[in-house]
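This report refers to the structure that appears directly beneath it.
Order of listing sets the numbers, starting from 1, for every ligand and every atom in it.
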Amino acid sequence: MTFSLPTSITQILTPDGKLVGDPPELPPEQLLEFYRWMVLGRIFSNRMVALQRQGRMGTFAPLNGQEAASVGLAAPMQDGDWLVGGYREAISFFMRGIPMVTLMEQWGGYIPISYSPATKVMPIQVVLASQMPHAVGIAMAMQYKKERNAVVAVIGDGATSEGDFNEALNFAGTFKAPLVTVVQNNGWAISVPREKQTAAEYIAHRGPAFGMPGYVVDGNDVFAVYSAVEQCLERARNGEGPSIIEVITYRMGAHTTADDPTKYRPSDELAEWKPKDPITRYTSYLRTLGLLDDAKAADIEAEVRAELQIAVERYEAERPAQRVEKYFDLVYNDTPPQLARQRDELIRALNREQ
Ligand SMILES: Cc1ncc(C[n+]2csc(CCOP(=O)(O)OP(=O)(O)O)c2C)c(N)n1
Ligand SMILES: [Mg+2]
């Protein structure tokens, strides 16, 4: 089957909160839920950075600017679907049932981390694109078991240059795996701009080459992301195969707490993206509908902050002392000698410091 190349960016909600397409038909409570998740995501991200600066968190990859993409990709998922992401989708993970404290533990460096299998969420993956073969494998297992479910896989623009991404999608296309791949194109891969990843106009152009449709949507527009993912999930469930959705968004913050984007990013770029903020535009829309006003927004923010505070307190109260050996001993069943030497050297150095 031949698919055509996407040529433009689909948008439903403009940056000033006006509709230019059909929004998904959702009840008012769900529209407000989307808002709550976006606000929670931004507050969570800012708090994680603050905790790291205070020496209370290991590291964190801020998600500011990508809230609509994370909400829009998780919201249309159903109970039996799996979410296989990278590391910048905290909101999507929360929406699928991962507790805030679990992500705090993971970013705090505590291991081993276990996610409840009932959530059907694979843990944060930092080894770029290595989530993709797993995502395709899970999707093919669903197909084999004749389940009417699908996998949503999430990957960054930079990681699409990895072999794993391309090998996995070639498999998915060939075997018609029920997979929806969301490429979070936030413009940057640490200091490498999107233009350095591919000469193609859109990353989603690779879809038709793998025998699947490719779509490009405004990633700061929660409705555009939701509608595209919902449609592709339906396609996957109907046995019509995989698809790629490239969501165009922007990483408003640093890559992680260990990064300083002022060293490589043009200063006017952030100013250009600020008016396209996903939360601002959605707020304008909800206010026009009469679903949100100052009092309601303040209530939601207070509720979210209280929820986050409880998670931070639990995180800080319940952590057992971490044994550094764990980082080495959990890698292999039988620790190879060079790793054992490095472990012992580190322990000796730490003992000397005390
Ligand atoms: C295989 C591999 N190579 C290099 C890295 C180091 N690294 C971590 S994040 C990153 C950039 C990823 O950019 P992108 O895929 O666009 O995701 P984003 O961070 O923008 O969400 C790199 C190079 C890694 N984690 N894994
Ligand atoms: Mg990126």
Side-chain angles (χ1 to χ4, degrees), residues 9 38 41-42 44-46 48-49 52 58-74 83-94 103 106-107 109 111 113 122-135 152-169 181-206 216-220 225 244-266 269-270 272-273 276 278 327 331:
I9 305 173
M38 284 195 234
R42 185 157 303 183
F44 175 81
S45 179
N46 292 343
M48 289 291 275
V49 173
Q52 193 277 340
T59 182
F60 186 65
L63 55 84
N64 304 41
Q66 298 181 222
E67 295 87 350
S70 291
V71 171
L73 74 90
L83 175 64
V84 184
Y87 44 82
R88 219 181 283 279
E89 290 80 47
I91 306 177
S92 317
F93 281 38
F94 298 153
L103 288 200
Q106 202 163 0
W107 286 107
I111 51 171
I113 289 291
M122 287 281 269
I124 290 180
Q125 180 52 267
V126 174
V127 183
L128 299 177
S130 66
Q131 71 269 36
M132 293 305 298
H134 294 292
V152 174
V154 192
I155 184 161
D157 48 300
T160 64
S161 299
E162 289 284 342
D164 272 354
F165 174 77
N166 299 283
E167 289 151 18
L169 288 194
T181 299
V182 177
V183 178
Q184 287 239 37
N185 174 359
N186 63 5
W188 293 89
I190 314 186
S191 58
V192 180
R194 149 65 186 88
E195 304 77 69
K196 293 273 167 63
Q197 301 296 346
T198 169
E201 189 182 1
Y202 293 116
I203 295 169
H205 279 186
R206 248 173 274 173
V216 187
V217 307
D218 183 339
N220 287 7
V225 180
I244 301 185
I245 304 166
E246 176 179 357
V247 307
I248 311 284
T249 179
Y250 190 68
R251 194 195 81 204
M252 294 178 98
H255 170 69
T256 62
T257 50
D259 173 51
D260 175 6
T262 62
K263 295 277 184 275
Y264 56 81
R265 200 154 70 169
E269 211 183 72
L270 187 59
E272 188 195 313
W273 278 89
K276 302 184 199 168
Y327 293 109
V331 180

(request) Specify side chain, backbone, both or neither for Glu162, according to which of its non-hydrogen atoms lie closer than 4.0 Å to ligand 1. (result)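 It is the side chain that gets close, since no backbone atom is under 4.0 Å.
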Would you mind checking which non-hydrogen protein atom is closest to [atom], with the distance to 0.1 Å?
| atom | answer |
| --- | --- |
| atom 15 (O) of ligand 1 | Ala159 N, 2.8 Å |
| atom 9 (S) of ligand 1 | Tyr87 OH, 3.1 Å |
| atom 14 (P) of ligand 1 | Gly158 N, 3.5 Å |
| atom 26 (N) of ligand 1 | Leu128 N, 3.2 Å |
| atom 21 (O) of ligand 1 | Arg88 NE, 2.9 Å |
| atom 11 (C) of ligand 1 | Ile190 CG1, 3.6 Å |
| atom 25 (N) of ligand 1 | Val126 O, 2.8 Å |

(request) Go through ligand 1 atom by atom and flag the ones less than 4.0 Å from a non-hydrogen atom of Asn186. (result)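 Heavy-atom distances to Asn186 below 4.0 Å select 18 (P), 20 (O), 21 (O).
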(request) Using a strict cut-off of 4.0 Å, indicate which atoms of ligand 1 neighbour a heavy atom of Trp188. (result)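 Listed by number with element: 16 (O), 20 (O).
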For a 4.5 angstrom cut-off between non-hydrogen side-chain atoms, does [X] reach [Y]?
| X | Y | answer |
| --- | --- | --- |
| Pro193 | Lys196 | yes |
| Gln106 | Phe93 | no |
| Leu83 | Ser92 | yes |
| Thr160 | Asn185 | no |
| Lys276 | Asp218 | no |
| Glu89 | Gln184 | yes |
| Ser191 | Lys263 | no |
| Ile124 | Trp107 | yes |

(request) Could you please compute the angle at the Mg ion (ligand 2) from OD1 of Asp157 to OD1 of Asn186, rounded to 10°? (result)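 For OD1 of Asn186 and OD1 of Asp157, the angle centred on the Mg ion (ligand 2) reads 90°.
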(message) I'd like to know whether ligand 1 has Arg251 as a neighbour, heavy-atom separation below 4.0 Å.
(response)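 Judged by the 4.0 Å heavy-atom criterion, Arg251 does not count as contacting ligand 1.
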(request) Check whether any heavy atom of Gln184 sits under 4.0 Å from an atom of ligand 1. (result)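 No; Gln184 lies far enough from ligand 1 that no heavy-atom distance drops under 4.0 Å.
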(request) Verify the distance test for Trp188 against the Mg ion (ligand 2): any N/O/S atom under 2.8 Å, yes or no. (result)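 True for Trp188.
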(message) Which label fits Trp273 and Tyr250: parallel for a plane angle under 30°, tilted from 30 to 60°, or perpendicular past 60°?
(response)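 Aromatic pair Trp273/Tyr250 classed parallel.
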